[in-house]
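What follows is a single structure, written as structure tokens, with notes after it.
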Amino acid sequence: MNKDIEKNSKNFNLYVFLSTFSRNLIEVFVGTILYKAGYSLQNVILYYLIVHLSIVFLTKPLIQLSKKTSNRVLSIIGVVAFILLQIQLNKIYVNYYYLILLGFLYGLYRCSYWIARRFYNLKVIQKENIANKYTFISIINQLAVVVSTYVGALLLDFISIKVLTIISMTLFILSVIPLYKLKFEHEHNDIKLDLLKTLKQIGFSNMYLFASYELLNVIKFFFPLYIFIYVKDTYQTIGLVSLLQSIATIIFSYIYGRLANKDKDYLKLAILLSIIVYVFKANTYGIALYVVSFLEGFTTKMSEISVNKNFFQISKKFEYYNYNYAYEIVLTIVRTLVLLICYLFIYDIKTMIYICLFIQLLSFFCEFNCNLKDFQIKE
């Protein structure tokens, strides 16, 4: 049994590394690529809005499909959608039909990939030493990010998007192979998906924590474009900022992972520090931007480990599919609403960043109930 757990961990870590490396070669630059091709900032926001609207409608049928078949099927769907997305990025058309197609493909790939990956995360990480085990996976993830984004930037600046997408597609296809080596006991799961009941059991404060934290990803969508427009219009600058952040993240991950496994909860401190750093990042230029980006690696990793420790702790009280469904729907709806507000009323990136940070700041005042020994499901 222990051998199977160890093999599962190694194969899952390889999957995380390959899939993260391949995705980050191109993913962080999509908004900037569209902007550079002639799309307005408002239409780039529309693209991300279409992505998340697609996810809202795709989540339930994809989770139902994974229950009837397996999460490996979702991974294959994600690979196919990712390949089609890369093909489309090689022939950009400036019209709404293309934007809708691109947004839907990204939504399908992203939804399939993360539902499957989160499921395997939940299965691979055991109840004991959750923070340590998640931290190790996080370091593997960050090792893939640390090089890939800068390599992607160099390929875009000096070679071509065609070469970049070919490399990205090849590695993403290869990442599926370790998934077929994962060994889990077959689960006979005929439990009905019940979103409202699961949300009630998880509790408002905990779901708000997860949803508001995910708004950091909305900020991450816009910061590369912010750097491209207001700092320097090269992909290398975006890649260098990401490189510095990733190096800091790796340095900090191991240390904080050990601290997070103690009884002390650093969650609220992590939230506050990440907000402060992002405010500084949105108001600095030149060398100061690189310094703040390095500090961002510490604070965002502190937030990520703290939030995900709580995510995995609570997950052990739930059936996988309903928990995954509730998590995905809530965070996607929050992202969608924020993007809709930005699309309709706000055309300044800095203001969008501040809105996301304000919503996350509110989670600082929530009382979280994430300790397994205290956490009780309310029927």
Side-chain angles (χ1 to χ4, degrees), residues 12-28 30 48 50-67 69-86 103-125 134 137-138 140-142 144-145 148 168 171-173 175-176 178-179 182 193 195 198 207 209-221 304 307-308 310-312 314-315 318 320-336 339:
F12 182 70
N13 290 338
L14 181 58
Y15 162 70
V16 168
F17 181 84
L18 287 173
S19 63
T20 302
F21 188 95
S22 57
R23 291 185 306 108
N24 276 275
L25 279 171
I26 184 71
E27 195 168 288
V28 70
V30 173
Y48 285 117
I50 293 167
V51 169
H52 288 88
L53 277 172
S54 300
I55 294 171
V56 170
F57 291 106
L58 287 168
T59 298
K60 187 173 183 178
L62 285 174
I63 288 181
Q64 287 175 326
L65 178 63
S66 72
K67 284 182 67 178
T69 55
S70 84
N71 282 278
R72 291 187 180 94
V73 173
L74 291 196
S75 298
I76 297 298
I77 292 172
V79 167
V80 173
F82 185 80
I83 290 170
L84 293 174
L85 176 66
Q86 304 311 304
F104 175 77
L105 287 173
Y106 188 103
L108 179 59
Y109 134 68
R110 189 253 176 223
C111 193
S112 302
Y113 173 81
W114 279 108
I115 288 172
R117 175 165 163 172
R118 200 173 292 120
F119 173 82
Y120 291 120
N121 251 328
L122 293 172
K123 293 290 280 184
V124 167
I125 294 179
Y134 176 76
I137 292 172
S138 181
I140 295 293
N141 188 83
Q142 212 60 44
V145 173
S148 60
S168 183
L171 290 175
F172 199 67
I173 292 168
S175 74
V176 178
L179 285 184
L182 293 176
L193 292 179
L195 178 62
T198 308
M207 289 313 306
L209 164 68
F210 299 142
S212 62
Y213 167 74
E214 284 296 329
L215 286 179
L216 288 181
N217 285 321
V218 176
I219 295 174
K220 289 174 184 177
F221 294 152
E304 180 191 321
V307 170
N308 280 288
N310 293 328
F311 170 79
F312 289 116
I314 296 175
S315 75
F318 286 89
Y320 288 112
Y321 293 97
N322 269 299
Y323 189 66
N324 216 350
Y325 179 37
Y327 180 85
E328 188 71 30
I329 282 291
V330 170
L331 71 89
T332 306
I333 287 176
V334 170
R335 287 192 198 180
T336 302
L339 287 165

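Remember, it's a predicted structure, so these values are computed and weren't measured experimentally.
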Of all the heavy-atom pairs spanning Tyr15 and Ser75, show the shortest one and how long it is.
-> OH-OG, 4.4 Å

Check: Arg117 and Thr20 side chains under 4.5 Å, non-hydrogen atoms = yes

Roughly how far, to the nearest 0.5 Å, is the CH2 atom of Trp114 from the OH atom of Tyr327?
-> 8.5 Å

Who are the side chain to side chain donor-acceptor pair (under 3.5 Å) partners of Ser19, not counting sequence neighbours?
-> Tyr113

Minimum heavy-atom distance between Ser175 and Pro178, given as atom pair plus value | O-CD, 3.0 Å

Is a donor on one side and an acceptor on the other found under 3.5 Å between the side chain of Ser168 and the backbone of Ser22?
-> yes

Do Ile83 and Ile173 touch side chain to side chain, with heavy atoms closer than 4.5 Å?
-> yes

Nearest-0.5 Å distance that lies between atom CD1 in Ile333 and atom CG in Leu53 | 10.0 Å

Once you round to the nearest 0.5 Å, how far does CZ of Phe172 lie from CZ of Phe21?
-> 14.0 Å

Atom CZ of Phe82 and atom CZ of Arg23: how far apart are they, to the nearest 0.5 Å?
-> 8.0 Å

Please walk me through it: do Cys111 and Ile115 pass side-chain contact (heavy atoms from CB on, under 4.5 Å)?
-> CA-CA 6 Å; Cys111 193; Ile115 288 172; 3.6 Å; yes

4.5 Å side-chain heavy-atom contact, Ile77 and Leu65 = yes

Side chain proximity check, Leu108 to Ser112, heavy atoms < 4.5 angstrom = yes

Compare all side-chain heavy atoms of Val51 with those of Leu339 and state whether any distance is below 4.5 angstrom.
-> no

Quick note, side chain to side chain donor-acceptor pair (under 3.5 Å) partners involving residues 52-64, not counting sequence neighbours, are His52-Arg335

Reported CD1-to-CZ distance for the pair Ile55 and Phe104, which is rounded to 0.5 angstrom | 11.0 Å

dist Asn24:CG -> Leu171:CG (nearest 0.5 Å) comes out at 12.0 Å

